[in-house]
Chemist: 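Quick one: structure below, then a few questions.
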Amino acid sequence: MTATDLDRPRTGASGGDATATCVFAVLRTGGRQAPALTPGHAGGGAVGLLPLPGGDLQAVVQEVPAADFTQEALRRRLGDPLELERCARAHHAVITAAAAGGAVVPLPLATFFTASGRAAAALADRRDRILDALDWVEGRAEWAVKVHVVQQAPAPPAADGKDPAAAPGRPGAGAAYLARVRGRERDRQARHEALLRVAGSVHAAAAAHAVAAVRRTPHGTAITGKDRPQVLNAAFLVDDSRAADLVAAVRDLGGAHAGLDVHVEVSGPWVPYSFTSLGEEP
């Protein structure tokens, strides 16, 4: 999630009674209740539903202290990893609870308005996009598929740490060195191509059971660990009736591939964050 929003409270908003309206998601009207047992952001009021103009949509909202959610306050809070995680977890918990009753369009983290009326008006301007997004994800969920490769330990060096064939003055030492360099490059290229084939085969297997897919840049080893590089990081929008087929298909592809030890991770169902973007402009 990002700190992008539709509108923010005015910088410098303050006062013990001043509030801002946080919007978590939009859903259709019709018997839906406010998410239960989800406190939302700390210090805010109860999570509730805000009817939108037109009568067919409502937003999941919370009134929060305006002074805690000005642009400057948000920059500080979201720049702190622990505070960012706390806010993201609260945001996700409310959206997940709302989605338990049917399709929702989740809004980005840190979507705040200076008043509920401004929230309703801004969302009403996006009514057609919201309805299209709800139609698109109805009866579907997001599934994440990640592929990691377990690195093999490098071959141990010679006992003295030297390669006899590369000893200075030894006949053919230069040619042997160049051959080894070329061999290492060929091995590196072959491994890279094998990784691309593995990622492609897993993606294709998942996509065969999905209606849409998003392929993201794999996480770096700072997140995955040096011995578990990630070669696929993708999300799929899947009909609920086909989710079990997707899970079975991609899990079958774990194991040995061209000398690579491949681990496939499948998780879901998730709220379809990756497939409901409303864009930045009304």
Side-chain angles (χ1 to χ4, degrees), residues 1-15 17-35 38-78 84 87-99 101-138 142 271-282:
M1 291 180 285
T2 70
T4 305
D5 58 21
L6 302 174
D7 187 2
R8 293 184 188 270
R10 291 182 294 273
T11 302
S14 61
D17 297 329
T19 62
T21 302
C22 173
V23 183
F24 298 93
V26 184
L27 43 81
R28 288 189 177 90
T29 57
R32 298 284 288 276
Q33 300 297 317
T38 49
H41 293 294
V47 174
L49 296 175
L50 173 67
L52 302 184
D56 52 356
L57 294 173
Q58 54 193 349
V60 181
V61 301
Q62 180 189 25
E63 295 300 309
V64 296
D68 294 342
F69 292 92
T70 63
Q71 292 189 40
E72 182 57 34
L74 281 169
R75 276 195 292 268
R76 291 195 306 269
R77 296 180 70 181
L78 301 184
L84 172 60
C87 289
R89 286 184 180 276
H91 188 80
H92 177 66
V94 173
I95 293 173
T96 300
V104 303
V105 172
L107 270 63
L109 177 64
T111 300
F112 295 93
F113 296 82
T114 54
S116 60
R118 294 190 66 181
L123 294 170
D125 287 342
R126 294 161 172 80
R127 178 178 177 276
D128 290 344
R129 293 185 189 181
I130 293 170
L131 289 172
D132 287 344
L134 288 169
D135 288 341
W136 177 233
V137 300
E138 187 72 50
E142 181 170 327
V271 175
Y273 290 100
S274 302
F275 304 96
T276 51
S277 174
L278 299 179
E280 292 300 317
E281 297 299 328

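Predicted, not measured: the structure shown is a model, and the values here were computed from it.
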Chemist: For the residue pair L27 and A103, what are the closest heavy atoms and their distance?
Modeler: CB-O, 3.8 Å

Chemist: Measure across V105 and A133 and return the closest heavy-atom pair with its distance rounded to 0.1 Å.
Modeler: CG2-CB, 3.6 Å

Chemist: Which value, rounded to the nearest 0.5 Å, describes the distance between L131 atom CG and R126 atom CZ?
Modeler: 14.0 Å

Chemist: How far does CG of L57 sit from OG1 of T29, to the nearest 0.5 angstrom?
Modeler: 7.0 Å

Chemist: First locate atom CG of L84, then atom CG of L74, and finally report the distance between them rounded to the nearest 0.5 Å.
Modeler: 11.0 Å

Chemist: Of all heavy-atom pairs between P106 and V271, which one has the smallest distance, and what is that distance?
Modeler: CG-CG1, 3.8 Å

Chemist: So that I can tick it off, tell me whether D68 and R77 are bridged by a salt bridge, with the cut-off set at under 4.0 angstrom between side-chain N and carboxylate O.
Modeler: no

Chemist: Is any side-chain heavy atom of L50 less than 4.5 Å from a side-chain heavy atom of L123?
Modeler: no

Chemist: Test of understanding: with side-chain hydrogen bond (donor to acceptor under 3.5 Å, both in side chains), list the residues that count as partners of D135, not counting sequence neighbours.
Modeler: R28

Chemist: Using a 3.5 Å distance criterion without hydrogens, assess whether the side chain of T21 forms a donor-acceptor pair with backbone atoms of S116.
Modeler: yes

Chemist: What is the minimum heavy-atom distance between V26 and L134, and which atoms define it?
Modeler: O-CD2, 4.0 Å

Chemist: Does the plane of the ring in H41 sit parallel, tilted or perpendicular to the ring in F24? Use 30° and 60° as the thresholds.
Modeler: parallel

Chemist: Indicate the atoms forming the closest heavy-atom contact of F275 with W136, along with that distance.
Modeler: O-CD1, 3.5 Å

Chemist: Run the side-chain contact (heavy atoms from CB on, under 4.5 Å) check on V104 and V60 step by step: do they pass?
Modeler: CA-CA 10 Å; V104 303; V60 181; over 6 Å; no

Chemist: Using 0.5 Å steps for rounding, measure from the OH atom of Y273 to the CG atom of L107.
Modeler: 10.5 Å

Chemist: From L109 CG over to I95 CD1, what is the distance, rounded to the nearest 0.5 angstrom?
Modeler: 8.5 Å

Chemist: Find the distance between OG1 (T19) and CD (Q62) and round it off to the nearest 0.5 Å.
Modeler: 10.5 Å

Chemist: Using every non-hydrogen atom in the two residues, find where A73 and A67 come nearest and quote the distance to one decimal.
Modeler: CB-O, 3.7 Å

